[in-house]
Amino acid sequence: MSKKSFFDRETPFEYRWYEPGRMVLGKTMAEQLRFAVCYWHSFAWPGSDTFGGETFMRPWHADGGGSMKQARQKADAAFELFGLVNAPFFTFHDRDIAPEGASLAESNRNVRKIGEVFEKKMAQTGVKLLWGTANLFSHRRYMAGAASNPDPEVFAYAAAQVKNVFDLTHELGGENYVLWGGREGYETLLNTAIGRELDQLGRFLTLVVEHKHKIGFKGAILIEPKPAEPSKHQYDFDVATVFGFLQRYGLEKEVKVNIEQNHATLAGHSFEHEIALANALGIFGSIDMNRGDELLGWDTDQFPNNLPQMALALLEIQRAGGFTTGGLNFDAKLRRQSIDPDDLVIAHAEAMDLCARALLVTEKMVEDGGLERHLRERYAGWDGKLGREILGGKKSLDDLAAWVEKKGIDPQPRSGRQEWLEAWLNRWI
Ligand code: XLS
Ligand code: NI
Ligand code: NI
């Protein structure tokens, strides 16, 4: 591995749009986009699906792929890719980076050993950790959920796993800690007590938040909403559901969301809807930029390729003030026929390039200001006397009824101008 590159490219590539140092809307492109490569799809997944096994045949998966030697080999390849595509961040689950041991203590030690490898590689390369997370869904002990499990021993086991990888995330200078409720949901209500499970989840998240303050972690804790898959119904359905949950357990100031494009569409929303709502509710954190397939109803985790969709998402992120601790994670995987190491390089590089291009489209939209102007005019009444008095709680139902009658008010509808606005958007693509 060290002598011969795993990726061994013959054709050099270059970015057409991504210029990390170029200023766009007051920050460099690199600062605006904060790209991250995910470990699980690119290095832990062997290309299997429900109907067939491994297709990629990576050396670190040979003979079952369970050794620490292979985990180190995998880390070498991962950091080689980050360098090749010039990705400033990466993301991982504990189980992506190191094999599970015979006991939790051994598993945790394995994770920590690779953590040491990461620490060195991060110092050498300057690559940073966008977020870490725990895999609380693959092992059979989690088949009925982690925090929402009917057995409190599973809750405790999950807590122990989270503590280890959260501490590691903190030590590696990670900028966020993510919780995706993979099996926090149910298959049938016949065996599920929803109320109990929600309280268990609320308790678990509270413990994570308390731990954050105890260790002095300065980053954000993020929940990643998803409506279903692997569970039939998942509690963190979408941004609105997560916000209600956070409020119920008093955590809405402590926890934000990591929004994934594919999860948004599975929940029946657009990506930009979820980002805009999170912004409106004050919980926007980070994104997973991976699309679904319009004809398939599951999480296909494809690299982004739709410029207008990406530009709209990046526009909403600008409206939210841009990323702070968050970033743009490619929670995306190759198709299982893309078996060459090169495919991994091309997929990431082209996705980054297209995101950069989308950012330039966003820049034009923001600079033109057409949308903001239209919105200002559309809502202008709410900034006037009547609007301010209503929102300021100065008018009762009686007051309003009397005022409308006395003045003989008869509001006139105005055009929503949707077609004009859609054409305005396309002007910048
Ligand atoms: C799965 C999720 C997962 C999270 C991290 O659908 O997207 O990969 O991003 O646990
Ligand atoms: Ni996903
Ligand atoms: Ni994701």
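Numbers here simply count residues along the sequence, with the first being 1. Note that ligands are numbered from 1 as they come in the structure, with each ligand's atoms numbered from 1 the same way.
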Run the numbers for me: atoms of ligand 1, each under 4.0 Å from some heavy atom of D288, listed by number.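 Answer for ligand 1: 9 (O).
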Counting from 1, what ligand 1 atoms have a heavy atom of W40 closer than 4.0 Å?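 Matching atoms, with element in brackets: 8 (O), 9 (O).
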Just checking, any donor-acceptor pair under 3.5 angstrom between side chains of [X] and [Y]?
X: E316; Y: N279; value: no
X: H213; Y: E254; value: yes
X: W298; Y: D293; value: no
X: Y186; Y: E197; value: no
X: Q70; Y: S67; value: yes
X: Q234; Y: E229; value: no
X: S5; Y: E80; value: yes

Report the part of E260 in contact with ligand 1, treating N, CA, C, O as backbone and CB onward as side chain, heavy atoms under 4.0 Å; options are side chain, backbone, both, neither.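 Looking at E260 and ligand 1, just side chain atoms fall under 4.0 Å.
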Consider ligand 1: state whether an atom of it lies below 4.0 angstrom from any non-hydrogen atom of V178.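 No, that is not the case, since the closest heavy atom of the residue is not under 4.0 Å from the ligand.
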Is the closest heavy atom of H263 to ligand 1 under 4.0 Å?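 Under 4.0 Å: yes for H263.
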Considering only the protein, which heavy-atom contact is closest to [atom], and what is its distance?
atom: atom 2 (C) of ligand 1; value: E224 OE2, 3.3 Å
atom: atom 8 (O) of ligand 1; value: D331 OD2, 2.9 Å
atom: atom 5 (C) of ligand 1; value: H93 NE2, 3.3 Å

Would you say E260 reaches the Ni ion (ligand 2) with an N/O/S atom under 2.8 Å?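 It does: E260 brings an N, O or S atom closer than 2.8 Å to the Ni ion (ligand 2).
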Got an N, O or S from E224 under 2.8 Å of the Ni ion (ligand 2)?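 Coordinating: no.
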Are any of the side-chain heavy atoms of E119 and L172 separated by less than 4.5 Å?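 With C-beta onward as the side chain, the pair touches.
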Test of proximity, [X] against ligand 1: N or O pairs below 3.5 Å:
X: H41; answer: no
X: D301; answer: no
X: K226; answer: yes

Considering just N/O/S atoms, say which atom of D288 is closest to the Ni ion (ligand 3).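 Result: OD2.
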Please name the atom of D331, restricted to N, O or S, that is closest to the Ni ion (ligand 3).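 Within D331, restricted to N, O or S, the Ni ion (ligand 3) is closest to atom OD2.
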Which residue in the set I114, L130, N135, L129 passes side chain to side chain contact (heavy atoms under 4.5 Å, CB included) when paired with F92?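 The residue from I114, L130, N135, L129 that satisfies side chain to side chain contact (heavy atoms under 4.5 Å, CB included) with F92 turns out to be L129.
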Check whether NZ of the Lys or CZ of the Arg R248 lies under 6.0 Å from the centre of the six-membered ring of F245 and within 45 degrees of that ring's axis.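 Because its charged atom misses either the 6.0 Å distance or the 45° angle limit, R248 does not stack over F245.
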Among the N, O or S atoms that D299 has, which is closest to the Ni ion (ligand 2)?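 Among the N, O or S atoms of D299, the one closest to the Ni ion (ligand 2) is OD2.
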